[in-house]
Amino acid sequence: MSKIRIRIIGGCGSGKSYTARELSKRYGIPYFETDNFVWDRSTPYCRNTPEVRDAQLAEIVAMDSWIIEGVHYKWGSETFWQADFIVLIRPNRVTQDWRVVRRFVKTRLGLEQGNYKQTFRNLYEMLFKWNRKYVRVDLPRIMELTEEYRHKRIIVKNNQEILQWFSLYNDSVETGDGVPVQTER
């Protein structure tokens, strides 16, 4: 895939990280998590200053190609206008909650590496606070914020839809057939 910038957004357990990793692997595009701009990973529970966070993001956004995934949208809006595609993942609530619980169990058992220590409080907050607020408050704001970019916004219910879409996109670019038309699914 030639130069491309992809912004993926969705709630906890929506499949953002999986999709970003898969697209990165398939097409050789570096991917970045917005959480890693927010948090100083060298010290537990330590946030970067907004200046450090914004400088890190600006460095990535200046690159020719990138995939940036994360739930954050109140800062970093330049990722929306500079992206070639904005992917909004809106999975089934049961699927999303199941993924949050599965990740919790896997990281607690040491079967999967996490960016932070999984606690029962985190699990509760993700399931009953963050994801519910995301659907009620954040998603409508994200839709409004990205409305002017609707021509490059792709809304899917699962990560397989987006992987298929980019496979079609890549094929169409290689053959010169044009970009596949996006419809809201």
Side-chain angles (χ1 to χ4, degrees), residues 1-42 48-91 99 103 112-115 134 138-139 141-185:
M1 197 176 288
S2 60
K3 296 177 184 177
I4 191 164
R5 297 171 175 179
I6 304 167
R7 176 61 162 97
I8 302 172
I9 192 163
C12 300
S14 63
K16 302 177 303 290
S17 297
Y18 172 83
T19 303
R21 278 192 307 272
E22 280 299 307
L23 290 172
S24 177
K25 234 185 321 186
R26 289 182 187 191
Y27 303 112
I29 305 165
Y31 83 93
F32 306 91
E33 301 172 18
T34 59
D35 277 350
N36 291 333
F37 301 129
V38 172
W39 297 100
D40 176 352
R41 298 297 188 192
S42 67
N48 284 320
T49 65
E51 294 79 19
V52 168
R53 175 199 69 200
D54 294 347
Q56 289 175 348
L57 181 63
E59 186 178 322
I60 300 309
V61 171
M63 296 170 57
D64 288 338
S65 293
W66 45 257
I67 301 167
I68 296 175
E69 67 89 352
V71 69
H72 304 96
Y73 68 93
K74 294 176 185 173
W75 59 269
S77 60
E78 63 270 26
T79 63
F80 295 125
W81 63 266
Q82 291 193 10
D84 298 306
F85 298 102
I86 301 165
V87 178
L88 183 57
I89 305 175
R90 297 175 62 181
R99 287 177 180 160
R103 178 174 49 211
E112 189 175 282
Q113 176 104 15
N115 284 332
Y134 178 82
D138 299 328
L139 186 56
R141 289 181 181 163
I142 292 165
M143 292 299 289
E144 183 180 324
L145 182 65
T146 61
E147 181 60 24
E148 68 181 289
Y149 313 116
R150 68 183 168 279
H151 61 284
K152 59 184 179 179
R153 187 174 61 194
I154 304 164
I155 302 171
V156 297
K157 291 183 180 148
N158 62 60
N159 43 30
Q160 291 308 311
E161 285 181 37
I162 196 58
L163 296 174
Q164 289 169 353
W165 191 92
F166 276 102
S167 179
L168 290 172
Y169 169 79
N170 190 48
D171 292 347
S172 69
V173 168
E174 288 179 0
T175 61
D177 291 339
V179 178
V181 175
Q182 165 59 32
T183 58
E184 222 173 280
R185 298 169 195 236

(message) Is it the case that over 12 heavy atoms from other parts of the model lie below 6.0 angstrom from the CD atom of Glu144?
(response) no

(request) Run the numbers on Leu163 and Leu23 for side-chain contact (heavy atoms from CB on, under 4.5 Å), then give the verdict. (result) CA-CA 7 Å; Leu163 296 174; Leu23 290 172; 3.8 Å; yes

(message) Can you tell me how far apart OG1 (Thr34) and CD1 (Ile68) are? Round to the nearest 0.5 Å.
(response) 8.5 Å

(message) As an exercise, state the distance from CD of Glu22 to OH of Tyr27, rounded to the nearest 0.5 Å.
(response) 10.0 Å

(message) Is it the case that the side chain of Lys16 and the backbone of Glu33 share a donor-acceptor pair, with hydrogens and angles ignored and the cut-off at 3.5 Å?
(response) no

(message) Tell me the closest heavy-atom pair linking Asn48 and Asn36, and the distance in Å.
(response) ND2-O, 4.0 Å

(request) Could you list the residues that satisfy ring pair (Phe, Tyr, Trp, His ring centres under 6.0 Å) with Trp75, not counting sequence neighbours? (result) His72

(message) Return the CD1 to CD1 distance between Ile86 and Ile8, rounded to the nearest 0.5 Å.
(response) 12.0 Å

(request) Give the intermediate values and the outcome of salt bridge (charged side-chain N to carboxylate O under 4.0 Å, His left out) for residues Glu147 and Arg153. (result) CA-CA 8 Å; Glu147 181 60 24; Arg153 187 174 61 194; 3.3 Å; yes

(message) Testing the basics here: between Ser14 and Arg99, what is the closest heavy-atom pair and its distance to 0.1 Å?
(response) O-NH1, 2.8 Å

(request) Report the C-alpha separation of Glu59 and Phe32 in whole Å, then their side-chain angles, then the decisive distance to 0.1 Å, and conclude whether the side-chain contact (heavy atoms from CB on, under 4.5 Å) test is met. (result) CA-CA 11 Å; Glu59 186 178 322; Phe32 306 91; over 6 Å; no

(request) Compare every heavy atom of Tyr73 with every heavy atom of Arg141, then report the nearest pair and how far apart it is. (result) CD-OH, 3.4 Å

(request) Would you please test Phe166 and Thr19 for side-chain contact (heavy atoms from CB on, under 4.5 Å) and show each step? (result) CA-CA 11 Å; Phe166 276 102; Thr19 303; over 6 Å; no

(message) With a sphere of 6.0 Å drawn around CD of Glu78, does it hold more than 12 non-hydrogen atoms of other residues, nucleotides or ligands?
(response) yes

(request) Report yes or no: does Ser24 contribute a side-chain atom to a donor-acceptor pair with the main-chain N or O of Ile29 at less than 3.5 Å? (result) yes

(message) Which heavy atom of Arg90 sits nearest to which heavy atom of Ile155, and what is that distance?
(response) CD-CG2, 3.6 Å

(message) Would Val87 and Trp165 count as a side-chain contact (heavy atoms from CB on, under 4.5 Å) here? Give the steps.
(response) CA-CA 11 Å; Val87 178; Trp165 191 92; over 6 Å; no

(request) Using side chain to side chain contact (heavy atoms under 4.5 Å, CB included) as the criterion, point out the one residue from Ile67, Ile162, Asp84, Thr79 that pairs with Ile6. (result) Ile67

(request) Could you list the residues that satisfy side-chain contact (heavy atoms from CB on, under 4.5 Å) with Ser42, not counting sequence neighbours? (result) Asp40

(request) Mind listing the closest non-hydrogen atom pair of Tyr31 and Ala20 along with its distance? (result) CD1-CB, 3.8 Å

(request) To the nearest 0.5 angstrom, please state how far the OG1 atom of Thr146 sits from the CH2 atom of Trp81. (result) 16.0 Å

(message) What's the separation between atom CD in Glu51 and atom CD in Gln56, rounded to the nearest 0.5 Å?
(response) 12.0 Å

(message) How long is the straight-line distance from CD of Gln82 back to OG of Ser77, given to the nearest 0.5 Å?
(response) 10.0 Å

(message) Please find the pair of heavy atoms, one from Arg7 and one from Ala83, that lie closest to each other, and give the distance.
(response) CB-CB, 4.0 Å

(message) So, applying side chain to side chain contact (heavy atoms under 4.5 Å, CB included) with Leu88, which one of Val156, Ile154, Leu139 is it?
(response) Leu139

(request) May I ask you to check whether Tyr169 and Phe85 place their ring centres under 6.0 Å from each other? (result) yes

